[in-house]
Amino acid sequence: MRQFSHQLVQRISHFLDMDVSDLGMEVVDPPNPKLGDLSLGCFPIAKAMKSSPVEISQKLAQQDWQLEWIEKVVATGPYLNFTVKRELFSQYAIQEIKDQGTSWGDTQTGHGKRVIVEYSSPNIAKHLAVHHLRSTMLGQAMANLFRSAGYEVVSWNHLGDWGTGFGKLLAAWDKFSDIDNFDSPKLADREDPVSDLNALYVRYSNEAKDNPELDDSARDWFKKLEDGDSLARERWETIRSVSMELFEKVYSRLGVRFDKVIGESHYEDGMKDVIDLLVSNHLLEESEGAEVVSVAEDIPPMLIRKKDGATLYGTRDLASAIARHEMVEFDRCLYVVDAGQSLHFRQVFGVLKKLGFEWADHLEHAEFGVMRLNVDGHWKKGKTRGGQVVLLHEVLDGAVELAANIVLSKNPDIPEEDLKEISEAVGMGAVIFSDMKAARRKDVNFDLDKILSFDGETGPYLQYTHVRFASILRKAADQGLSENDGKGLVEDEELQLIKRLLRYPGIIDKAAKQAEPSQLSQYLLDLASEFNTYYSKHRVISDNAELSGHRLALIQALKTTLGSGLSKLCIKPLDRM
RNA sequence: GUCCCCGUAGCUCAGCUGGAUAGAGCAUCGGAUUCCUAAUCCGAAGGUCGCAGGUUCGAAUCCUGCCGGGGACGCCA
C-alpha cells in the first residue's frame with residue numbers, strides 16, 4: 001500500500017505546493033464501498049494549512065491526478081475518496097508481491113538498529129510449564145517481527161540458574177545419595193532427570209522443616225558453588241545441561257531459538273561493581289537494617305541488600321542490564337515478562353537512570369497478562385488443585401493427540417507419516433495461536449477445550465485456509481494452468497483481498513513497533529476470513545484459462561502472505577491437513 | 001492505603017497516536033455440499049462502548065473523578 005499511498009501524497013504535495021509527506025496521512029478503506037476504494041481524510045492537511053478539511057478535499061478532488069491506476073476522485077465531506085482502475089491496481093499489486101518473493105512483508109524500518117528481546121527465561125532444574133508459554137511465544141514472535149522489520153535482533157534466554165535454591169539441591173544430591181545416587185545411573189543418562197531432581201528437592205525441603213541443620217548444609221553448598229568448588233561446580237553444570245537439553249526439546253517443537261542463552265550466574269561478578277557504583281553515587285540508603293535506593297516519589301524504594309548483606313534478584317537485574325549493554329549496544333531492549341513484575345522493572349530502569357545510564361530509556365518491559373488455569377471451575381493463577389504446575393510438554397502432547405483424532409476423522413485415508421507431522425503442526429498451531437490472538441496485556445484463561453475446538457478464530461482455521469491455497473495451486477498445476485499477471489482481478493472480493501494483502505508490510509511494522517504479535521494475528525484472521533468468503537463465491541479454476549491464471553496469481557500471493565505471517569507466529573503453514 | 005493493568009454483544013475479543021453507520025469469533029436459531037478440502041460460507045438475533053463530568057467542529061478512543069475486576073507494594077525470584 002505504501003507505493004500507492006506515496007504516489008497520492010506526492011500528487012497532493014504538488015497540488016498544494018507544500019510537502020504533506022510528513023503529516024502522517026493514512027490511506028484507509030471507506031466505511032462503505034459505494035464511496036470508493038481508497039480514502040484519505042484531509043484533517044492533517046487542514047491542520048497544517050489552518051483551513052477547512054472540507055474545502056481542501058473539494059479543491060483536491062477537482063485536480064487532474066494523472067495517475068493511471070486512478071479511475072476517479074470524489075470529495076465526500078472532509079474525505080477524499082478514490083476509485084481505482086481495478087485491472088491496473090491488481091496488476092501492480094500482484095507484481096509487487098511477486099517481486100519481493102520470500103522477503104515480501106519485510107521493511108527497512110529498523111535498518112541499522114539493534115534490539116534485544118529477552119524471553120522464556122525458565123529456571124533450571126525445573127520443567128517448562130504452561131505459564132512459560134506466554135513469554136516464550138510472545139518473545140519469539142516479537143523477535144521474528146523485529147527481524148522482518150529490518151532490525152538486527154539478539155534473542156536472549158536469561159536462565160534462572162543461581163540462588164540459594166541450588167544450595168539445597170546440591171546438599172540434597174550429597175545427602176540422599178543412598179536413596180537416589182545421581183552418579184549411578186548418571187543424571188544425564190536418565191529418562192527424566194529433572195523430575196528426579198525435583199523429587200529429591202521436595203524431600204529435602206520437607207526434612208528441613210524438622211531438621212534445621214539441613215538449611216546450614218544448603219548454605220554451605222551454595223557457598224561452595226559461589227567459591228568455585230570443583231565438585232559443586234561440576235554438579236551444577238550437570239544440572240544445567242540436563243535442564244537445557246529438556247528445554248531444547250520443547251523449544252524446537254515450538255519453533256523457538258535463542259541467539260544467547262546466558263544464566264543469571266554470569267552476572268555474579270558484576271554485582272559488587274553495581275553496589276560500588278550505587279555507593280559512589282550516594283544513592284544507597286540504610287532503611288530498617290537493609291539497604292535501598294529511592295527511585296521516584298510514587299513508587300517504593302528498591303531493595304538492594306538484605307539485613308544479612310545478601311543481594312537480591314533486583315540487584316542481579318541491574319548488573320545484568322549493565323553487562324548486557326556492554327555486550328550488545330542496543331537501541332531497544334525488551335523484557336518479555338508478566339505484568340506482575342512491572343514495579344520491579346520500573347525500579348530497575350529507574351535506578352539505572354539515576355546512575356546516569358542514558359540507555360536506560362531504551363529498556364522496555366513488554367508486559368503480558370497472567371495465564372489462569374481452571375481449578376474446579378474457577379480460574380486460578382499458576383497451579384492446579386494439587387499445587388502442581390501443568391507441564392508444557394504434556395499440554396502440547398494432549399493438543400497433538402486431539403489434533404490427530406480430528407485430522408483422522410476429516411481425512412481417514414491420510415498416510416501414517418503425514419498424520420504424525422500434520423497433527424503435530426495443528427496441535428502446536430492451536431496452542432500457540434490461542435496465546436497470541438489477543439493483545440498481550442490481557443489475562444488469558446488457559447482453556448484446553450476452547451483451544452482445541454479448531455473452529456472460528458483459531459490457529460487451525462488459518463492453517464486450513466493455507467491448505468486451501470496449496471490445494472488449489474496443486475490442482476491447477478495438475479491441469480497445466482499457469483499464473484497470469486493479475487489484470488483480471490476485478491471482482492469486489494478480489495479488490496478487497498488485494499488491498500488487504502498490500503497492508504501486510506505495514507502490519508509487520510506496527511506489530512514490531514508496538515511489540516504486539518496480536519496485530520499480526522488479527523490481520524491474518526481478516527485475510528483468511530475475506531478469502532474464505534471469496535472462495536465460496538468464486539471459482540479459481542474454471543474453463544476460462546486466462547481468468548484462472550489471474551486468480552491463481554492472487555492465490556499465490558495469498559499463500560505467500562499467510563505462510564509468511566504464520567511462520568512469524570511460529571505456526572507451521574501446511575499444504576495438507 | 002499507594003501504584004500499575006483491564007472494563008466494548010450472553011462469553012472471548014478487535015477497533016483506542018480522536019474522524020464517515022462500533023466489528024469479528026464462540027454459543028443460539030435458520031440456511032448452503034452433483035463443483036478447487038463444509039476445519040468452510042451465508043443469514044437472523046444480540047450494544048446505556050462500566051458510570052459521571054470535561055476537552056474538541058467531532059470521543060469507544062484524550063483528560064479528571066468514581067465504580068467494578070486483576071496484579072504489585074522491602075528482606076523470594
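Values reported hereafter were calculated over all heavy atoms of this structure, with side chains retained and with hydrogens, waters and symmetry mates removed. In what follows, chains are A, B, ... by sequence order, proteins preceding strands, each numbered from 1.
- Counting non-hydrogen atoms under 4.0 angstrom, His365(A) reaches nothing in the nucleic acid.
- C16(B) and C6(B): their P atoms are spaced 14 Å apart (whole Å).
- A20(B) atom P lies 16 Å from atom CG of Leu80(A), rounded to whole Å.
- For Arg372(A) and U12(B), the CZ to C1' distance is 13 Å, given to the nearest whole Å.
- Using a 4.0 Å heavy-atom distance criterion, Met577(A) is classed as a base contact.
- Checking the phosphate oxygens (OP1, OP2) of C76(B), a side-chain nitrogen or oxygen of Lys306(A) falls inside 4.0 Å.
- As judged by a 4.0 angstrom heavy-atom cut-off over every strand, Asn32(A) is placed among the base-contacting residues.
- Interface remark: the Asp317(A) side chain does not form any donor-acceptor pair with the A77(B) base, using a distance-only criterion of under 3.5 Å.
- Under the 30°/60° scheme for interplanar angles, the aromatic rings of Tyr313(A) and His344(A) are found to lie parallel.
- Remark: the Asp455(A) side chain and the U40(B) base include no donor-acceptor N/O pair separated by less than 3.5 Å.
- Atom NZ in Lys34(A) sits about 15 Å away from atom C1' in A20(B), given to the nearest Å.
- Spacing of C1' atoms, A77(B) relative to A24(B), comes out at 40 Å, to the nearest Å.
- When the P atom of G25(B) is taken as reference, atom CG of Asn532(A) falls 11 Å away, rounded to whole Å.
- Between the side chains of Thr76(A) and Asn81(A), at least one donor-acceptor pair of N or O atoms lies under 3.5 Å.
- One atom, CZ of Arg441(A), and another, C1' of C4(B), lie 10 Å apart when rounded to the nearest Å.
- One atom, CG of Leu525(A), and another, P of A24(B), lie 13 Å apart when rounded to the nearest Å.
- Residues forming a side chain to side chain donor-acceptor pair (under 3.5 Å) with Asn198(A) (at least two apart in sequence, or on another chain): none.
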Table of protein N/O atoms under 3.5 Å from nucleotides 55-58 of chain B N/O atoms:
none

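- Whole-Å rounding puts the Leu547(A) CG to C36(B) C1' distance at 14 Å.
- One finds no side-chain N or O of Gln519(A) lying less than 4.0 angstrom from the OP1 or OP2 phosphate oxygen of A14(B).
- Rounded to an integer number of Å, the gap from OH of Tyr267(A) to P of A77(B) is 17 Å.
- To the nearest whole angstrom, the two C1' atoms, one in G58(B) and one in A14(B), are 23 Å apart.
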How does RNA chain B look in dot-bracket form if you count Watson-Crick and G-U pairs under 3.5 Å, write [ ] for pairs that cross, and put | where a base pairs with another strand?
((((((((.[[[[.)...(...]]]].(((((.......))))).....[[[[[..)....]]]]])))))))....
Is there a ring pair (Phe, Tyr, Trp, His ring centres under 6.0 Å) between His131(A) and Phe446(A)? Walk through the geometry before answering.
CA-CA 9 Å; His131(A) 66 267; Phe446(A) 192 82; over 10 Å; no
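- Contact of Ser287(A) with G74(B) (side chain to base): a donor-acceptor pair of N or O atoms is detected under 3.5 Å.
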